Amino acid sequence: MTTMTDASVREFKMPDVGEGLTEAEILKWYVQPGDTVTDGQVVCEVETAKAAVELPIPYDGVVRELRFPEGTTVDVGTPIITVAVAGAAAPEAPGAPAEQPQAEPAPAAEEPKPEGRQPVLVGYGVATTSTKRRPRKGPQADVPGPAQAIQAELNGHGGALAEKPRPLAKPPVRKLAKDLGVDLASITPSGPDGVITREDVHAAAAPRAAEPVTEAPAPAPAAAPAAPAPVASYDTARETRVPVKGVRKATAQAMVGSAFTAPHVTEFVTVDVTRTMRLVEELKQDKDMQGLRVNPLLLIAKALLVAIKRNPEINASWDEANQEIVLKHYVNLGIAAATPRGLIVPNIKDAHDKTLPQLAEALGELVTTAREGKTSPAAMQGGTVTITNVGVFGVDTGTPLLNPGESAILAVGAIKLQPWVHKGKVKPRQVTTLALSFDHRLVDGELGSKVLADVAAILEQPKRLITWG
C-alpha cells in the first residue's frame, strides 16, 4: 500500500472514540475514491467494543484511498482513509505518474473560512446567521385533577421547565463533542461571536486521554493467548458459528467480571400498581405531557430516583484500588436496552435533576437512539444505577447482574391482572414483581431493603411522589 507523503494529502487515522479502546471494526463506508468530502461529513461507520459510531472527516478535500475494506478490524491510530485537501493541486488521474514529493514539505495551512459561512454536515445547508431555538411552551393554566396536581408539584410551581442557555456550535462540532463525551457547556469558546470550534472540543477532550487521539501510536495490544487447538469440522447445515466481537464481546467480558468480582444479593417484592397504571393513563391526556413517551417505566424511574434521594448511600461504587466507597452526589440513570448488536446500557445524565416531562423526553430519546443503533460511547459511560425492564418480554422478574462500576440494578417484571386482597376483599388488580440486585460489599441488607420497599410503596401509592419527592 502506497504511503502518501505529498503535503496536499492528509491521512485520517482511526480515533479512540471510546476512551481507551484499542480497535474498531469498519462496518460501512459512505464515500469512495474520487468523492468530495467536507469538514464534518460522516465518511464511515465503525463498531467498537461499546457501540456503533459514525466518524466525521476533519477537513475538506477529495478522497484518494480507502485503506481497509468493510468488515476489517483496525487498530486505533492506524490511517484508514487518505484525502487530497481542498485548495491543493487536483489528485492525479489513475495511472498517471506520481509527482515527486518535495524535501521536508511544510504542512498545508488550512484556508480561513469566510465570515458568516461555515461548512456544515451534508443535509444541513449553510447557515449565514446565528440560529434561534424554538421557544418552549410557557406555564400552563392550572387544571384540576390528581394527575395535574402531581405534575405541578413535580415540575415545581406551575410546570415551567428551566431553560439553560445552549452553547453555540455547528452540527459537526456538536457531533464531535458527543462522540468524545465532552460537555459543550463546560467549554470556553474561541470562535467569533462565542462559537465553539472543533479545536475547542479537542482541547477539552485532550486532558481526559492518555495520548493525543490523532498523533499517538496505537496502544500496545495485550499479549496474544496461545493459539487454540484446531476446531473439529462440523455440519454447516446444522450449525452456525457467529464470531464474538464488538458490543457482544464487551458485554460478555463485563458480565463475567461483574459476576465474579461483586458479591451479588437480590431481593424481591410483589406490589399492587393499579393506582400507578391509572396515573399513567391520566398523564397521557395531560397537555404538559403531549408528544412525550408516557408509560409505566417513566413512573418507575421517577420512583427509583425518589428512593435514591431518601437512601443516598445506595448510589455509590466500590474503589478496589484505594479500598474506598465512592458516594455519588448525582444519578446517571442507566436503562438496559436490547439491540441487534447486543445488550447496551446508555444512561440519562443527571436524572435526579429532571422534572417528569424532562425525564420522559430523555427516556424517549434514549430508547429511539438505541433502537437505531446510534448510541454513542459517551452515553454509556458514567452510569450509577440501572433499570432493566424484563416485563416487556412477559417475564415476571429475574436476578439481574450489576452493570460494572455500579452498586444496584432494578429489574421490573410484567404487569398483569391478578387476584389481590384489596380493602379486605379479593379483587382483580394490576400487579408486578420488582427485583433489586446490589453489591453486598457496600450495600447491606437493610439499605437494599429500604430502597426496594420505597420504590414499591411509591408505585402502590404514587401520591408519595409529592410527599416524599
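All values derive from a computational prediction rather than experimental measurement.
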- Would you give the length of the straight line joining atom CD1 of Ile348 to atom CG of Asn332, rounded to the nearest 0.5 angstrom? 9.5 Å
- Query: Under 4.5 Å between any side-chain heavy atoms of His264 and Leu401, yes or no?
  - Reply: yes
- Only counting residues at least two apart or in another chain, list the ones meeting side chain to side chain contact (heavy atoms under 4.5 Å, CB included) with Lys284. Val280, Glu281, Val294
- Query: Salt bridge or not for Arg67 and Glu11, using N-O below 4.0 Å?
  - Reply: yes
- Closest non-hydrogen atoms of Ala307 and Val451, given as atom of the first, atom of the second and distance, are CB-O, 3.9 Å
- Item | For Thr375 against Ile344, the heavy-atom pair lying closest together | OG1-CD1, 3.6 Å
- Task: Grab the two heavy atoms, one from Leu292 and one from Pro357, that are nearest each other, plus how far apart they are.
- Result: CD1-O, 3.7 Å
- Query: Where the side chain of Trp29 meets the backbone of Phe68, is there a donor-acceptor pair that is under 3.5 Å apart?
  - Reply: yes
- Which residues pass the side chain to side chain contact (heavy atoms under 4.5 Å, CB included) test with Thr36, sequence neighbours left out? Val62
- Flag, side chain of Asp60 to backbone of Val85, donor-acceptor distance under 3.5 Å: no
- Of all the heavy-atom pairs spanning Asp439 and Pro263, show the shortest one and how long it is. OD1-CD, 3.5 Å
- Set of side chain to side chain contact (heavy atoms under 4.5 Å, CB included) partners for Asn315, sequence neighbours left out: Ile308, Lys328, Val331, Thr384, Val385
- Message: Keeping Ser437 on the side-chain end and Thr399 on the backbone end, is there a donor-acceptor pair under 3.5 Å?
- Response: no
- Query: Lys13 and Gly77: which non-hydrogen atoms are nearest, and at how many Å?
  - Reply: CD-O, 3.4 Å
- Item | Partners passing side chain to side chain donor-acceptor pair (under 3.5 Å) against Arg198 (at least two apart in sequence or in another chain) | Asp39
- Donor on one side chain, acceptor on other, Glu199 and Ser190, under 3.5 Å: no
- Backbone N or O of Asp319 within a donor-acceptor pair of the Gln323 side chain at under 3.5 Å? no
- Item | Non-neighbouring partners of Ala316 that pass side chain to side chain contact (heavy atoms under 4.5 Å, CB included), sequence neighbours left out | Ile325, Leu327, Leu442
- Message: For Glu23, is there any backbone N or O sitting under 3.5 Å from a side-chain donor or acceptor partner on Asp75?
- Response: no
- Message: I need the minimum non-hydrogen distance between Gly413 and Val390, along with the two atoms involved.
- Response: CA-CG2, 4.3 Å
- Query: Any donor-acceptor pair under 3.5 Å linking the side chain of Asn295 with the backbone of Leu298?
  - Reply: yes
- Query: With sequence neighbours left out, what residues match Thr432 under side chain to side chain donor-acceptor pair (under 3.5 Å)?
  - Reply: none
